[in-house]
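Small disclaimer: the values here were computed from a predicted structure and weren't measured. Residue numbers count from 1 along this sequence. Worth knowing before you read on, the calculation uses all heavy atoms, side chains too, and leaves out hydrogens, waters and symmetry mates.
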Amino acid sequence: MSAASGSRTDLIGACITVLEQNWRGRYTVPASGLYPHQWSWDSAFIAIGLRHVSPRRAQQELESLFSAQWADGRLPHIVFDAGRNDDYSPGADFWRSADSASTPPFPTSGIIQPPNHAWATWLVHLADPDESARRGFLERAYPRLLAWHEYLSTRRTSPSGLIVLRHPWESGTDNSPFWDAPLAAVDDTTDGDIPRPDLIHADPSERPSNAEYGRYLSLVVRYRDGGWIDDDEFPFRLEDPLATALLARSELVLHEIAREIGQGSPHLERAHTATAALETLWDEDLGCYIARDLVGGGLQRYRTVAGLAPLILPSLTRRAELLATLRGDAFALGRAVMVPSHDLTAATFHPSRYWRGPSWFNMAWLIAVALEEGGDLDEARALGAEMGRAALASDFAEYVDPHTGAAHGTRRFSWTAALALDRVCG
Ligand code: 2M8
């Protein structure tokens with residue numbers, strides 16, 4: 001066996017071990033210490049990797065999340081494991097989802113995460129169409145996904161068709177500079193100590209501060225006590241390019257799913273609307289998409305990897321401009337380790353602070369897929385290989401320094417393993 005195939009085998013084996021360790025019978029936790037429950041967009045990314053190991057388990061991963069869907073169609077960002085109540089904050093007692101008539105019979109959070117689920121569902125189906133057909137996977141998933149997208153389209157999009165987030169946690173890129181000014185304008189109404197079990201598992205200097213946590217919690221309280229109503233009075237509302245790009249991509253995929261199971265489809269039109277709406281977030285000077293604060297009215301003019309995410313849309317007209325930004329000094333494709341989460345040249349860049357510079361494997365995966373689908377095969381392959389190397393060298397870190405590849409955050413992180421596995425399995 002050659003050295004190259006030996007390291008490929010090592011990588012595959014190590015990825016599978018992480019996924020096995022974090023499997024909890026119906027779903028996979030992101031990391032056993034820091035994140036001991038099921039997270040929404042993590043599960044979709046994890047299923048994309050799991051399909052190479054066990055298509056059936058990948059289906060269960062998504063189905064377990066779908067079983068936590070609220071009556072209004074939202075997929076909650078966390079589904080809690082009651083046995084780990086004190087190990088993550090805010091826990092189930094804080095969200096009090098059972099007080100709402102709209103919720104499933106077990107505890108969840110009440111906010112959402114970016115909609116990558118339909119895309120993951122389709123990729124899992126394609127991994128083993130026979131097993132999928134035998135279990136009626138698409139037939140059962142489609143109504144869930146339809147309700148989810150219905151919720152997003154009717155309750156969570158601005159008139160132009162962009163997804164509106166109501167909490168930084170909804171972005172998945174929680175501590176991105178996009179949310180700095182809008183979050184600072186939110187009143188911190190919490191009193192007393194804020195429990196931070198996360199700081200046992202990750203370096204406090206990398207995680208969001210207590211001041212940010214105070215505002216995170218006060219937003220949850222406000223949303224919760226208002227009955228989870230998506231009104232326009234809410235003090236944090238931002239249009240986000242990453243969630244909108246994922247919605248558009250997922251609508252394209254939902255069209256495929258609907259066709260496969262013989263259903264009519266409103267999805268292409270919705271994909272088109274979301275893609276067109278992204279143009280209102282284009283920043284010519286920065287050469288990428290940005291976020292817009294609907295409360296303070298300001299454009300959040302930062303280059304972040306979220307602003308490159310529309311590259312995943314096949315019909316995007318800005319592809320060449322976005323690729324120029326990706327290859328330039330801000331993101332240094334091919335020179336940095338994977339893709340930094342924030343502009344390497346910005347004053348706000350930090351190599352190890354959470355979502356403010358370090359490279360994340362899920363974002364590298366999105367960019368690698370976009371490069372591959374757009375025909376930039378050498379760059380796609382190189383980025384995929386870099387993901388594998390960085391995953392193995394960092395013991396499957398949550399994120400890595402884009403200059404050195406040094407490990408940060410928690411280790412043995414599930415989507416790191418799943419997405420490195422997906423790239424190596426092709
Ligand atoms: C991080 O977010 C959670 C809150 O949802 C946290 O910081 O405690 C983010 O990286 C998010 O994108 C991810 O889904 C979650 C679990 O991996 O961790």
Side-chain angles (χ1 to χ4, degrees), residues 1-25 27-35 39 42-61 120 123-124 126-128 201-202 333-341 351-352 358-372 376-426:
M1 185 189 287
S2 71
S5 65
S7 60
R8 181 176 186 272
T9 314
D10 291 348
L11 174 60
I12 292 175
C15 290
I16 293 174
T17 302
V18 172
L19 294 173
E20 285 287 341
Q21 284 171 345
N22 292 342
W23 174 251
R24 294 291 177 272
Y27 63 88
T28 312
V29 294
S32 59
L34 183 57
Y35 305 118
W39 259 260
D42 293 61
S43 270
F45 284 128
I46 290 164
I48 289 169
L50 264 185
R51 72 193 165 126
H52 300 291
V53 186
S54 164
R56 182 178 185 146
R57 198 176 269 194
Q59 292 174 22
Q60 287 171 334
E61 178 85 40
L123 292 178
V124 166
L126 293 179
D128 189 344
H201 304 284
L333 182 70
R335 303 181 306 283
V337 178
M338 300 193 295
V339 184
S341 49
S352 61
S359 301
W360 290 74
F361 292 79
N362 61 336
M363 303 312 290
W365 183 86
L366 292 177
I367 302 290
V369 169
L371 288 167
E372 185 176 75
D376 295 297
L377 299 183
D378 289 345
E379 285 176 318
R381 265 193 294 269
L383 183 52
E386 179 80 60
M387 287 172 65
R389 271 195 304 277
L392 209 48
S394 67
D395 192 22
F396 301 92
E398 190 178 3
Y399 41 95
V400 300
D401 184 316
H403 295 304
T404 65
H408 290 288
T410 189
R411 307 295 195 275
R412 310 192 75 69
F413 187 64
S414 294
W415 82 38
T416 298
L419 298 175
L421 180 66
D422 183 67
R423 286 294 89 191
V424 75
C425 291

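Pairing each heavy atom of A420 with each of C15, the nearest pair is CB-SG, 4.2 Å. The heavy-atom pair separating M338 from P340 by the smallest distance is O-CD, 4.0 Å. Shortest non-hydrogen contact noted between V400 and A397 is CG1-CB, 4.1 Å. Considering all non-hydrogen atoms of both residues, V124 and P55 come closest at CG1-O, 4.0 Å.
Take F45 and apply the ring pair (Phe, Tyr, Trp, His ring centres under 6.0 Å) test, not counting sequence neighbours, and it matches W41, W415. Listed by chain and residue number, A44, I48, L62 satisfy the side chain to side chain contact (heavy atoms under 4.5 Å, CB included) test with A120 (two or more places apart in sequence, or in another chain). In this structure H408 satisfies the side chain to side chain contact (heavy atoms under 4.5 Å, CB included) test together with E206, S352, Y399, D401, A406, sequence neighbours excluded. With sequence neighbours left out, V18 forms a side chain to side chain contact (heavy atoms under 4.5 Å, CB included) with N22, F396, R412, A417.
Counting only distance, with no hydrogens or angles, the side chain of E398 and the backbone of T410 share a donor-acceptor pair below 3.5 Å. Judged purely by atom type and a 3.5 angstrom limit, S414 uses its side chain to pair as donor or acceptor with the backbone of P30.
If you take CZ on R423 and CZ on R381, they are separated by 11.0 Å, rounding to the nearest 0.5 Å. Here H52 contributes atom NE2 and L19 contributes atom CG; the two are 10.5 Å apart, rounded to the nearest 0.5 Å. For the atom pair CD1 of I46 and OG1 of T416, the computed distance is 9.5 Å after rounding to the nearest 0.5 Å. Interatomic distance, CD1 of I12 versus SG of C425, reported as 4.5 Å (0.5 Å rounding). The OG atom of S43 sits 9.0 Å away from the CG atom of L50 when rounded to the nearest 0.5 Å. Here the CG atom belonging to L377 is positioned 7.0 Å from the CD atom belonging to E372, to the nearest 0.5 angstrom.
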Derivation and outcome, side chain to side chain contact (heavy atoms under 4.5 Å, CB included), residues T28 and R24: CA-CA 6 Å; T28 312; R24 294 291 177 272; over 6 Å; no
For R57 and W23: C-alpha separation, side-chain torsions, deciding distance, then whether side chain to side chain contact (heavy atoms under 4.5 Å, CB included) applies. CA-CA 9 Å; R57 198 176 269 194; W23 174 251; 3.1 Å; yes
Donor-acceptor contacts under 3.5 Å from residues 359-371 side chains, at least two apart:
from, atom 1, to, atom 2, distance (Å)
S359, OG, V337, O, 2.7
S359, OG, V339, O, 3.3
W365, NE1, D422, OD2, 2.8

Contacts under 3.5 angstrom, residues 384-393 side chains, donor-acceptor by atom type, not counting sequence neighbours:
from, atom 1, to, atom 2, distance (Å)
E386, OE1, R389, NH2, 3.4

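By the 4.0 Å N-to-carboxylate-O rule, R51 lies too far from E61 to be salt-bridged with it.
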